[in-house]
Peer 1: 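Below is the structure I would like to discuss, written out as structure tokens.
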Amino acid sequence: MSDIKNYKEHWERTDDIASGGQGTTIKAISTQDRETISAVKILNKQNDAERRARMQRETVALSTLSHSGLPKVLDNNTEFWKDPDYKLFIATEFIPGDTLSNFDFSNFTLIEKAKFIINISEVINYCHQRGVVHRDIKPDNIIIKNNSISEPVILDFGISFNFNDIDDDNLTPDEQHLGNRFLILPEQKVGEVGKRDFRTDTTCIVGLFYFILTTQLPTIIIDEYNQNPHQRKSAKDIIDTFPKHQKDIINNIFDVGFNQLIDKRWQTVQSLIDQLEFLINAEPVLLNTEKEKIKHIKNKSSTQAVDESKSLMALLKEVDRYCNEAAIEVIQDLGNDWNYRQSGNLSSGLNYSNLFNIFNKYQQKLTTSTMIVAIFTGNELLIKLVETNDKLEVFRQPILSDINWLQFKENLKSHYINVIAGQF
């Protein structure tokens, strides 16, 4: 730790490295010994209290962790994060090499790529065992030291969470989206509470494996065509080039790793490491008889991922059913002068949206238009109503428990009656 007010008192800039939302990173040489080289990260928004607190968090996380896959802290002044006179910075050892974003894996074998992901996983597993969730794992935040895939280094703990830090509770409010455009996870969206879960790091490591296999960004777990990243044609064509005994394991890693429900994904980094080692040691399995081949076809056409997708679609059909029942019961209570119509239906990508209009046949001004939106978060079904620019959450319940549909219907009916009553 240093009590200097500006990095320039100890460090001399020699080159630019990167600039992001949190800070600008430069390559610098020590003005004290003229030999030590560091990567100095300078906070961009020095007057932003939240960002100052985040830089202090990053310093604490890196200072309390000691692993060859993490940069060492050489200097910082973030202890004074509450004092605006200090221009916050953190200097870590300079790691020579390319980021994963810029590294060319085209000449590496599948086994070498799997071992590389294991190396990254072991660093993150070390962090998890000490209560630290990284929460921003992406290619830009991984340096391949000396361009050797046996030496990945994980950078940027700026939005990490430390379960050992009792003051670490209020830097990511529920209304703030967390994560990055590399892989947007449902549990990290605005309004969700699963923003401090170790399993999100594990899922992002799965995303890294996908990235180095396909050179594509996974981006989202389920796209508008209801496909996981590895099911999209361009990625599938690449995965299909591997021998069958390897392809099956790769697809299983992604089937589980990209599950919409966080409770169904790889639950620990170690469980993912085990699967990668299984892939490394896999040997071909021959299908000799017609019976064996038929059994194999049936197994592949009825996978766990397919069954779970069907189950989620069935839940959305129940949402649609009870939305209609709520509207019907409201107009029955109001009398023959009332009716309803809807426009929309189950949408692709395991989401539901439908516009319901309840109206008086003879007094058109007496009407309510409500957009009902249902989505799956990390492990819950969330249903919101959209009235103009306002969003009202009317129902949230864990998917793996028995869902109280009658309560949802009553909540929806109550909403309709209140809105209509307000027009009289």
Peer 1: Answer yes or no: is there a side-chain heavy-atom contact under 4.5 Å between Asn147 and Phe103?
Peer 2: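 The answer is yes, as the side chains (C-beta and beyond) meet within the 4.5 Å cut-off.
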
Peer 1: If you apply the rule side chain to side chain contact (heavy atoms under 4.5 Å, CB included), what do you find for Asp140 with Phe182, and how did you get there?
Peer 2: CA-CA 9 Å; Asp140 285 345; Phe182 170 66; over 6 Å; no

Peer 1: Counting C-beta onward and ignoring hydrogens, is there a side-chain heavy-atom pair between Asp255 and His230 closer than 4.5 Å?
Peer 2: yes

Peer 1: Would you compute the distance between atom NZ of Lys113 and atom CD1 of Ile149 and round it to the nearest 0.5 angstrom?
Peer 2: 9.5 Å

Peer 1: How close do Asn119 and Pro152 get, heavy atom to heavy atom, and via which atoms?
Peer 2: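 Smallest heavy-atom distance, with atoms named: CB-CG, 3.7 Å.
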
Peer 1: Would you indicate whether Lys247, at its atom NZ, is surrounded by more than 12 heavy atoms from other residues, nucleotides or ligands within a distance under 6.0 Å?
Peer 2: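 Yes, NZ of Lys247 has more than 12 neighbouring heavy atoms, counting only those of other groups under 6.0 Å.
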
Peer 1: Is there a donor-acceptor contact under 3.5 Å linking the side chains of Thr24 and Asn44?
Peer 2: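 Looking only at side-chain atoms, Asn44 and Thr24 do form a donor-acceptor pair, the distance falling under 3.5 Å.
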
Peer 1: If you apply the rule side chain to side chain contact (heavy atoms under 4.5 Å, CB included), what do you find for Tyr352 with Asn354, and how did you get there?
Peer 2: CA-CA 7 Å; Tyr352 172 92; Asn354 211 331; 3.0 Å; yes

Peer 1: Taking atom CG of Leu65 and atom NE2 of His67, what is their separation to the nearest 0.5 Å?
Peer 2: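 These two atoms lie 10.0 Å from each other.
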
Peer 1: Between Ser66 and Tyr126, does the side chain to side chain contact (heavy atoms under 4.5 Å, CB included) criterion hold? Intermediate values first, please.
Peer 2: CA-CA 9 Å; Ser66 178; Tyr126 167 86; 4.0 Å; yes

Peer 1: Do Ile90 and Leu62 touch side chain to side chain, with heavy atoms closer than 4.5 Å?
Peer 2: yes

Peer 1: What orientation do His134 and Phe157 show, parallel under 30°, tilted 30 to 60°, or perpendicular over 60°?
Peer 2: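 Judged by the thresholds at 30° and 60°, the geometry between His134 and Phe157 is perpendicular.
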
Peer 1: Taking the side chain from Trp266 and the backbone from Ile253, do they hold a donor-acceptor pair closer than 3.5 Å?
Peer 2: yes

Peer 1: Is a donor on one side and an acceptor on the other found under 3.5 Å between the side chain of Asp201 and the backbone of Val133?
Peer 2: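 Pair absent, no side-chain N/O of Asp201 close to backbone of Val133.
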
Peer 1: Is any side-chain heavy atom of Val40 closer than 4.5 Å to one of Ile26?
Peer 2: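 The answer is yes, as the side chains (C-beta and beyond) meet within the 4.5 Å cut-off.
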
Peer 1: With sequence neighbours excluded, give me every salt bridge (charged side-chain N to carboxylate O under 4.0 Å, His left out) pair touching residues 321-330.
Peer 2: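 Residue pairs with at least one partner in residues 321-330: Glu318-Arg321, Arg321-Glu325, Glu325-Lys409, Glu329-Lys409, Glu329-Lys413.
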
Peer 1: Identify all side-chain donor-acceptor contacts of residues 203-215 below 3.5 Å with residues at least two apart in sequence or on another chain.
Peer 2:
{"residue": "Thr203", "atom": "OG1", "partner": "Arg199", "partner atom": "O", "Å": "2.9"}
{"residue": "Thr203", "atom": "OG1", "partner": "Arg265", "partner atom": "NH1", "Å": "3.1"}
{"residue": "Tyr210", "atom": "OH", "partner": "Gln216", "partner atom": "OE1", "Å": "3.3"}
{"residue": "Tyr210", "atom": "OH", "partner": "Pro229", "partner atom": "O", "Å": "3.2"}
{"residue": "Thr214", "atom": "OG1", "partner": "Tyr210", "partner atom": "O", "Å": "2.8"}
{"residue": "Thr214", "atom": "OG1", "partner": "Gln216", "partner atom": "N", "Å": "3.1"}

Peer 1: Out of curiosity, Leu392 CG to Thr370 OG1, how far, rounded to the nearest 0.5 Å?
Peer 2: 9.5 Å

Peer 1: Does Thr241 reach the main-chain N or O of Asp237 with its side chain, forming a donor-acceptor pair under 3.5 Å?
Peer 2: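 Checked: no pair found.
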
Peer 1: Can you tell me if Thr99 and Asn102 form a side-chain donor-acceptor pair at under 3.5 Å?
Peer 2: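 Yes, Asn102 and Thr99 have a side-chain donor paired with an acceptor closer than 3.5 Å.
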
Peer 1: Sub-3.5 Å donor-acceptor pair from the side chain of Asn47 to the main-chain atoms of Pro84, do we have one?
Peer 2: no

Peer 1: List the steps and the verdict of side chain to side chain contact (heavy atoms under 4.5 Å, CB included) for Thr59 and Leu88.
Peer 2: CA-CA 11 Å; Thr59 304; Leu88 298 189; over 6 Å; no

Peer 1: Answer yes when Glu58 and Arg54 have at least one side-chain N-carboxylate O distance shorter than 4.0 Å, and no when they do not.
Peer 2: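 Not counted as a salt bridge, because no side-chain N and carboxylate O are separated by less than 4.0 Å.
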
Peer 1: With rounding to the nearest 0.5 angstrom, report the CD1 to CD1 distance, Ile280 to Ile118.
Peer 2: 3.5 Å

Peer 1: Looking at Phe116 versus Phe105, is the centre-to-centre ring distance below 6.0 Å?
Peer 2: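 Distance test on ring centres: under 6.0 Å, yes.
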
Peer 1: Would you check if Thr64 and Arg130 make a side-chain contact, meaning some heavy-atom pair closer than 4.5 Å?
Peer 2: no

Peer 1: A side-chain contact here means heavy atoms from C-beta on lying under 4.5 Å apart; do Lys41 and Thr92 qualify?
Peer 2: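 No, every pair of side-chain atoms sits at 4.5 Å or beyond.
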
Peer 1: Measure from the side-chain N and O atoms of Gln397 to the backbone N and O of Asp402, and report whether any donor-acceptor pair falls under 3.5 Å.
Peer 2: yes

Peer 1: Looking at Tyr7 and Lys87, would you say the former's side chain and the latter's main chain have a donor-acceptor pair under 3.5 Å?
Peer 2: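 Not confirmed, Tyr7 side chain does not pair with Lys87 backbone.
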
Peer 1: Within the side chain of Arg52, is there an N or O that forms a donor-acceptor pair under 3.5 Å with the backbone of Gln46?
Peer 2: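 Checked: pair present.
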
Peer 1: To the nearest 0.5 Å, tell me how far Leu276 CG sits from Ile111 CD1.
Peer 2: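 Those atoms lie 10.0 Å apart.
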
Peer 1: Tell me, please, which residues at least two apart from Asn357 pass side chain to side chain donor-acceptor pair (under 3.5 Å).
Peer 2: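 Counting only residues at least two positions away or on another chain, Asn357 forms a side chain to side chain donor-acceptor pair (under 3.5 Å) with Ser369.
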
Peer 1: Only pairs at least two apart or in different chains count here, so list each salt bridge (charged side-chain N to carboxylate O under 4.0 Å, His left out) that has a residue in residues 212-222.
Peer 2: none

Peer 1: Does the side chain of Thr200 come within less than 4.5 Å of Ile262's, by heavy atoms?
Peer 2: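 Contact flag for Ile262/Thr200 side chains = yes.
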
Peer 1: Between Asn228 (side chain only) and Ile222 (backbone N and O only), is there a donor and an acceptor less than 3.5 Å apart?
Peer 2: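 No; zero donor-acceptor contacts below 3.5 Å.
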
Peer 1: So, Ser106 versus Asp104: side-chain donor-acceptor pair below 3.5 Å or not?
Peer 2: yes

Peer 1: Could you list the residues that satisfy side-chain contact (heavy atoms from CB on, under 4.5 Å) with Ile383, not counting sequence neighbours?
Peer 2: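 Partners of Ile383 under the side-chain contact (heavy atoms from CB on, under 4.5 Å) test: Val319, Ile372, Ala374, Leu381, Val394, Phe395, Phe408.
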
Peer 1: Looking at Asp223 and Ile220, what are the two nearest heavy atoms and their distance?
Peer 2: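 Looking at all heavy atoms of both residues, the closest pair is CA-CD1, 3.5 Å.
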
Peer 1: Between the side chain of Asn125 and the main-chain N/O of Ser121, is any donor-acceptor distance below 3.5 Å?
Peer 2: no

Peer 1: Test of understanding: with side-chain contact (heavy atoms from CB on, under 4.5 Å), list the residues that count as partners of Lys27, not counting sequence neighbours.
Peer 2: Thr14, Asp15, Ile17, Ile37, Phe94

Peer 1: May I ask you to decide if Asp136's main-chain N or O and Asn141's side chain share a donor-acceptor pair within less than 3.5 Å?
Peer 2: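 Yes; judged by distance alone, with no hydrogens or angles, the pair exists.
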
Peer 1: Look up atom OG1 in Thr25 and atom CG in Asp156, then write down how far apart they are to the nearest 0.5 Å.
Peer 2: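 Rounded to the nearest 0.5 Å, the OG1-CG separation comes out at 7.5 Å.
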
Peer 1: So do the side chains of Glu12 and Arg34 get within less than 4.5 Å of each other, counting heavy atoms only?
Peer 2: yes

